[in-house]
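Below is one structure, written out as structure tokens; the observations come after it.
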Amino acid sequence: MSASFADGVYAIVRQIPPGCVITYGAIARVLGDPRKARQVGWAMALTPAASEPIPAHRVINARGDIPGGHASRRYRLHRKRLEAEGVVFMADGRVDLERYLWLPSS
DNA sequence: CATTTGACTCTAT
DNA sequence: AATAGAGCCAAAT
């Protein structure tokens with residue numbers, strides 16, 4: 001069976017409930033290697049359009065923000081979707097990790 | 001096969 | 001507080 005890191009990432013991201021978010025580091029940690037945070041990002045970046053069930057917009061960085069800057073297209077998309085799910089963004093344009101960070105197996 | 005790069009994170013300066 | 005550097009790994013070229 002496939003043991004690609006991306007597969008594990010997708011498996012977790014797919015299980016993120018609405019109105020919740022998760023960080024790259026958290027995913028990597030759950031997968032067993034907290035240092036693979038970058039690869040999580042890679043997996044997300046590769047998230048093909050065919051991966052619709054994969055809510056990549058719920059995946060953010062350790063700061064509760066999105067890399068690339070708030071001017072990035074994905075930031076607006078993520079924010080819009082998260083807000084649609086009831087997630088409230090802070091004035092900084094960040095998500096309150098303390099409040100929305102979701103961990104698998106919970 | 002070697003080099004580059006990237007949606008990260010942490011630590012140090 | 002902000003910036004810079006290092007660590008780590010996989011996919012792309």
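Note that this is a predicted model, so its numbers are computed, not measured. Every chain is numbered from 1 and lettered A, B, ... according to where its sequence line falls, protein lines coming before strand lines.
- A:Asp96 is linked by a salt bridge (charged side-chain N to carboxylate O under 4.0 Å, His left out) to nothing, counting only residues two or more places apart in sequence or in another chain.
- A:Thr23 contributes a side-chain N or O that, together with a main-chain N or O of A:Ala26, makes up a donor-acceptor pair within less than 3.5 Å.
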Seminar exercise, completed: Reading nucleotides 6-13 of chain B from 5' to 3' and marking B where a protein heavy atom lies under 4.0 Å of the base, S where only the sugar-phosphate is that close, and - otherwise, the string is BBBS----
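- Ring-plane geometry between A:His78 and A:His57 is classed as perpendicular, the angle between the planes exceeding 60 degrees on a 0 to 90 degree scale with a lower cut at 30.
- Side-chain atoms of A:Tyr100 come within 3.5 Å of backbone atoms of A:Val88 as a donor-acceptor pair (strictly under, hydrogens ignored).
- Per the geometry, CZ belonging to A:Phe5 stands 11 Å off P belonging to C:dA11, to the nearest Å.
- Atom P of nucleotide C:dA2 and atom CG of A:Asp65 are separated by 14 Å, given to the nearest angstrom.
- In this entry the distance linking CZ of A:Arg29 with C1' of C:dC8 reads 15 Å, nearest Å.
- A:Arg79 pairs by the salt bridge (charged side-chain N to carboxylate O under 4.0 Å, His left out) definition with A:Glu83, not counting sequence neighbours.
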